[in-house]
Chemist: 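Here it is, the structure in full.
Counting convention: from 1, in listed order, for ligands and their atoms alike. Just so it is clear, the structure is predicted and the values come from calculations on it, not from any experiment.
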Amino acid sequence: MPGPFHVGDLMPVTVLIGAQWGDEGKGKIIDALAPGLQMVVRYQGGPNAGHTVIVGGKRTVLHQVPTGILHPGIACLISPGVLLDPWELLDELAMLRENGVDLERLTVSPACHLIMPWHRLLDRAREAALDRQAGPGAAIGTTGRGMGPCAMDKAGRRGVRLGDLLDPARRAACEAGLAAANAELESLGAEPLARADLHAALERGAAGLAPHLGDTRPLLHGVLQRGGRVLMEGAQGMMLDLEWGTYPFVTSTHPSAGGACTGGGVPLREVDQVIGIGKAYCTRVGNGPFPTEFEPGAFADGFRTAAGEFGATTGRPRRCGWFDAVAMRYACQLNGFTDLVLTKLDVLDGQPEVKAAVAYELDGRRLSEMPEDLRLLERGPRPIWRTFPGWQGSADARSWNELPQPVLDYLAWLEEDLGTRISWVSNGPERSQLLRRNA
Ligand code: GDP
């Protein structure tokens, strides 16, 4: 039986990204696209990502390894834009190996910056200090995986890269940052890292990752030259982009589509398809503005539990709210989506009504576009809602035509408002619950 995606859907390079604040269900969509692909590339983010794939009822969460690894025959790359935690990666590889996944297809670039053990300790200590000094809500709400401190060292031209770790002549230099990190940890009241522990970790990391080291660029361009299809797998979401997101409550890499070119080494002109994944509502993890967030209370708690909105990586409860068409228009404009996938439609089944923010009101003014100074959103704009009739049973639809009429009306309105085609909807977590739009 043909799946919801066909090879013909894909151009030489497809970039697939989260169009909201992350956790949109990218893992499932990439998994569905995989049969038409020769290669999947992770090009940004790091171990803070968590892509969940459910196959035959079995839940697998991938953090750093491209989702394509679950499909035999797909080459998988981790390219220079990824901030790599070698030890987390080793754990992930062990889990995959236990599940019989062939890992020879995975190549990791020597140019990936490494999240050193002290980065993770610093991440947590700095967040705790922000909370202590500036009060609750001041911390970024990071996943505590060391991404921010690693990115700081990368931009500061003192980072450690995989090539350093795997070259015995350069390995000692990997310990150079320890003294400064320990001084900061102690000043923040945190435990320092013992040199012997670091040394042992470096040895283990080097031994474990050596088999996967390789230049990713020639592999990627080799596939393109042979006419193969490549999917660039985004992590997190557009609204967390370091440049265009709700700074400073953002991630340290570039989840917007452009990150695929800088972090993944794919030429702009090879990208023919940009797929944005968005939920039929919104969620956000961590602090930062979220204009359409539900008021705290029984409705918000019940919605979160019913929707299963708890982090795949951290288990943290996600903040939930109605769909934000202002934010999605912004995402469509900045990324030039050729296609949108709307996920988790089934979660809204049974709601008496469904809302979407079409504009905000801020300081008595109507904002129908995102301001470029996104800190204005911290002043708590009031969403201007459009309300739609609710629906039942979208989860049971087996084709687009079987979707309840209120869903079809809602989708038609969204397409019109966003000026972007919704090419697929996901109406449940299973692989089979993905409906392709009719012609
Ligand atoms: P990602 O990081 O964007 O891949 O998203 P996550 O994996 O963190 O979260 C997506 C979660 O939603 C996973 O548990 C998926 O199995 C689940 N999911 C994906 N699509 C749907 C859907 O259409 N409906 C429901 N109910 N769950 C979905």
Side-chain angles (χ1 to χ4, degrees), residues 4-5 15-34 40 42 44-70 82 92 143 145 231-240 251 253 255-256 275-286 303-320 323 331 340-351 391 393-398 400 403 407 410-411 422-436:
F5 295 85
V15 178
L16 182 145
I17 70 161
Q20 296 163 328
W21 279 275
D23 310 312
E24 297 91 347
K26 296 178 288 296
K28 173 182 163 176
I29 308 303
I30 296 166
D31 182 61
L33 283 165
V40 178
R42 272 288 307 273
Q44 51 78 226
N48 55 347
H51 292 171
T52 313
V53 187
I54 297 182
V55 184
K58 188 169 185 296
R59 189 168 181 271
T60 303
V61 182
L62 296 172
H63 299 284
Q64 302 187 92
V65 177
T67 311
I69 203 79
L70 298 176
V82 171
E92 202 170 328
T143 55
R145 307 258 155 174
L231 183 127
M232 308 300 288
E233 172 178 353
Q236 290 96 35
M238 163 68 217
M239 295 304 293
L240 297 172
T251 191
T253 63
S256 54
I275 302 179
I277 316 292
K279 290 180 190 178
Y281 51 94
C282 281
T283 60
R284 173 165 197 162
V285 180
F303 187 98
R304 178 186 302 114
T305 305
E309 291 295 357
F310 298 89
T313 303
T314 58
R316 284 191 292 182
R318 296 177 182 147
R319 299 157 67 192
C320 301
F323 190 84
L340 268 179
V341 183
L342 204 67
T343 61
K344 297 209 156 187
L345 207 54
D346 54 298
V347 169
L348 298 181
D349 284 358
Q351 291 293 340
W391 57 75
S394 81
D396 302 327
R398 292 285 163 263
W400 191 278
L403 285 167
V407 172
Y410 178 58
L411 295 175
I422 299 173
S423 301
W424 300 273
V425 294
S426 172
N427 59 339
E430 283 295 329
R431 249 183 194 174
S432 58
Q433 291 175 299
L434 188 59
L435 312 179
R436 180 189 167 86

Chemist: Answer whether the closest heavy-atom distance between the side chains of Asp349 and Ser394 falls below 4.5 Å.
Modeler: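 SC-SC contact between Asp349 and Ser394 confirmed.
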Chemist: Any nitrogen or oxygen of Gly50, side chain or backbone, less than 3.5 Å from one on ligand 1?
Modeler: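 So ligand 1 has an N or O lying under 3.5 Å from an N or O of Gly50.
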Chemist: Under a 4.0 angstrom heavy-atom cut-off, which atoms of ligand 1 come close to Lys26?
Modeler: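 Checking each atom against Lys26, I get 1 (P), 2 (O), 3 (O), 4 (O).
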Chemist: Provide the number and element of each atom of ligand 1 under 4.0 Å from a heavy atom of Asp23.
Modeler: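 In order of number, 1 (P), 2 (O), 3 (O), 5 (O), 8 (O), 9 (O).
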Chemist: Could you say whether the N/O atoms of Thr343 and ligand 1 ever approach to under 3.5 Å?
Modeler: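 No, no N or O pair falls under 3.5 Å.
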Chemist: Taking non-hydrogen atoms only, is Asn427 closer than 4.0 angstrom to ligand 1 via side chain, backbone, both or neither?
Modeler: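 Backbone only.
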Chemist: Roughly how far apart are Arg145 CZ and Thr251 OG1, rounded to 0.5 Å?
Modeler: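 Arg145 atom CZ to Thr251 atom OG1 measures 12.5 Å (nearest 0.5 Å).
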Chemist: Got a sec, which residues hit salt bridge (charged side-chain N to carboxylate O under 4.0 Å, His left out) with Glu92, two or more places apart in sequence or on another chain?
Modeler: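 Partners of Glu92 by the salt bridge (charged side-chain N to carboxylate O under 4.0 Å, His left out) criterion come out as none, since no residue qualifies.
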Chemist: Check whether any heavy atom of Gly428 sits under 4.0 Å from an atom of ligand 1.
Modeler: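 The answer is yes: ligand 1 sits under 4.0 Å from a heavy atom of Gly428.
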Chemist: Would you say Lys28 and ligand 1 have an N/O pair spaced under 3.5 Å apart?
Modeler: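 Lys28 vs ligand 1: no N/O contact under 3.5 Å.
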Chemist: Under 4.0 Å from a heavy atom of Ser426: give me the atoms of ligand 1 that qualify, with their elements.
Modeler: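 What qualifies from ligand 1 is 20 (N), 21 (C), 22 (C), 23 (O).
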Chemist: Search all heavy atoms of Arg316 against all heavy atoms of Gly286 and return the closest pair with its distance.
Modeler: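 In terms of heavy atoms, the two residues are closest at NH1-CA, 4.3 Å.
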Chemist: Passes side chain to side chain donor-acceptor pair (under 3.5 Å), Ser426 versus Lys28? Steps please.
Modeler: CA-CA 9 Å; Ser426 172; Lys28 173 182 163 176; 2.8 Å; yes
Chemist: Can you sort out the partners of Lys279 under side chain to side chain donor-acceptor pair (under 3.5 Å), two or more places apart, ordered by chain and number?
Modeler: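 In terms of side chain to side chain donor-acceptor pair (under 3.5 Å), with neighbours along the sequence ignored, Lys279 is linked to Thr283, Glu309.
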Chemist: Does any N or O atom in Gly27 lie less than 3.5 angstrom from one in ligand 1, N or O only?
Modeler: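 Looking only at distances, the answer is yes, because the N/O contact criterion of under 3.5 Å is met.
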Chemist: For residues Ile275 and Leu33, determine if any side-chain heavy atom of one lies less than 4.5 Å from a side-chain heavy atom of the other.
Modeler: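 Yes, at least one pair of side-chain atoms sits under 4.5 Å.
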Chemist: For Arg318, take its heavy atoms, then give the atoms of ligand 1 lying under 4.0 Å from any of them.
Modeler: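 Per the distance check, 8 (O).
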